[in-house]
Amino acid sequence: MRIATWNINSIGARLPRLLDWLGTAEPDVLCLQEIKCSEADFPADELGRLGYESAVHGTGRWNGVAVLSRVGIEGVRRGLSGEPGFQPEDAMIEAVEPRAIGVTCNGVRLWSVYVPNGRTVEHAHYEYKLRWLGALRTTVVEELDSARPFAVLGDFNIAPTDADVWDISQFTESTHVTAPERDALAALREAGLRDVYPRALKYEVPFTYWDYRQLCFPKNRGMRIDLVYADAAFADAVTDAFVDREARKGTGASDHAPVVVELG
DNA sequence: ATGTCGACATATTGTCGA
């Protein structure tokens, strides 16, 4: 069983490349993030013609997650237990955003997640990110069940170690590398999950994200922030894992590359 | 040069988010 995760940065803008990638990579399950569309606008029919069912949690302009599967989808859950919302400065109330969807595909329990970015360590979005990660841990603890393999896949917006960014000296005042963010990952590991570390295919570190700006991809100024956090049953079944950096090449690419995991 | 993208309202350019 082949399971992948990909921050697609708008499924509308990326649909031709997504259809092409599905045809060549042939994942059984694909977790998507930043679909940037509502469930009503999701291209379920075109994906269905390739044999994929869809489960979608999206509202429109920002965020949005989904799972595609050609091995069935059941037990769909939209949102985390106790999931916090975000309140922009000009808004009257905080709103819960579409950032997590849970599904069961062929007996494997999966969550596709898009962790809040955090923006800057001083920003309210950073506190939101940490609270959101707390709700993710709560949900993981609730759902962990030794009877079925389990994994959380997606854009965590956290580099687990200093080696997971292209130059740590460039991140002294930045989010994505702070101790509280990494503590949240450690809490997931303490709950029983492991970081499934992929092969890079090129260069040493398997970066998954390169900013569109400043020629970051050609210079390999990347970050490993798209992660597969799996329980023992899932992790022990992994026979291969890699970052498909080919999908980051050329015009019309997402700024993230897919992570592909093979289960034996 | 925050140098690239994507979505969308304020709409053929500006704004926000990443």
Side-chain angles (χ1 to χ4, degrees), chain A residues 5-21 31-43 46 56-66 84-100 112-133 153-159 164-167 169-178 181 207-227 243 245-259:
Chain A
T5 182
W6 194 8
N7 179 323
I8 195 120
N9 188 16
S10 171
I11 199 166
R14 214 70 58 213
L15 190 59
R17 287 190 69 128
L18 172 60
L19 297 173
D20 185 57
W21 189 80
C31 297
L32 293 168
Q33 300 87 38
E34 281 206 88
I35 60 171
K36 295 185 176 178
C37 83
S38 66
E39 188 167 357
D41 292 335
F42 193 83
E46 283 183 87
V56 181
H57 185 30
T59 51
R61 186 175 185 181
W62 287 307
N63 313 307
V65 287
F86 181 65
Q87 184 170 350
E89 281 184 33
D90 59 349
M92 299 298 287
I93 55 164
E94 74 167 41
V96 177
E97 300 172 319
R99 293 180 176 276
S112 176
V113 302
Y114 177 48
V115 176
N117 175 285
R119 299 184 189 168
T120 67
V121 291
E122 300 84 12
H123 199 285
H125 210 260
Y126 177 78
E127 282 300 316
Y128 167 51
K129 180 179 195 173
L130 297 178
R131 282 186 293 130
W132 198 94
L133 286 160
L153 307 93
D155 179 357
F156 282 72
N157 270 314
I158 305 170
D164 291 311
V165 298
W166 60 278
D167 180 357
S169 73
Q170 301 296 307
F171 289 77
T172 49
E173 306 292 327
S174 299
T175 60
H176 295 59
V177 299
T178 68
E181 291 166 284
F207 295 145
T208 64
Y209 162 82
W210 301 261
D211 198 300
Y212 284 125
R213 291 168 286 192
Q214 298 173 297
L215 297 175
C216 281
F217 183 64
K219 295 175 178 174
N220 198 35
R221 294 179 175 176
M223 305 170 71
R224 187 173 78 93
I225 56 175
D226 298 87
L227 308 176
V243 178
R245 68 188 299 284
E246 296 298 311
R248 180 62 180 79
K249 293 182 176 179
T251 55
S254 170
D255 42 1
H256 295 251
V259 180

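Below, chain A is the first sequence line, B the second, and so on; all start at residue 1.
Taking atom C1' on both B:dA11 and B:dG6, the two are 16 Å apart, rounded to the nearest angstrom. Going from the P atom of B:dT10 to that of B:dC16 covers 13 Å, rounded to whole Å. Nucleotides B:dG17 and B:dT12, compared at atom C1', are 22 Å apart to the nearest Å. Separation of the C1' atoms belonging to B:dT2 and B:dA18 is 12 Å when rounded to the nearest angstrom. As rounded to the nearest Å, B:dG3 and B:dG14 have P atoms that lie 14 Å from one another.
Under the Watson-Crick or G-U wobble criterion, with both distances below 3.5 Å, B:dC16 is paired with B:dG6.
Interatomic distance, A:Leu15 CG to A:Asp20 CG, rounded to the nearest 0.5 Å: 11.0 Å.
A:Ile8 has its CD1 atom 18 Å from the P atom of B:dA18, to the nearest Å. Distance NE2 (A:His123) to C1' (B:dG17): 10 Å, rounded to an integer number of Å. One interatomic measurement links the two molecules: NZ of A:Lys219 to P of B:dG3, which rounds to 14 Å at whole-angstrom precision.
When each of A:Arg248, A:His256, A:Met223 is tested with A:Trp210 by the rule side chain to side chain contact (heavy atoms under 4.5 Å, CB included), just one qualifies, namely A:Arg248. For the side chain to side chain contact (heavy atoms under 4.5 Å, CB included) with A:Ile225, the lone residue among A:Val177, A:Asp155, A:Ile158 that qualifies is A:Asp155.
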B/S/- along nucleotides 4-15 of chain B (protein heavy atoms under 4.0 Å) is BSSBB------B

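Ring centers of A:His123 and A:Tyr126: at least 6.0 Å apart, outside the cut-off.
Heavy atoms of A:Phe86 sit nowhere under 4.0 angstrom from any nucleic acid atom.
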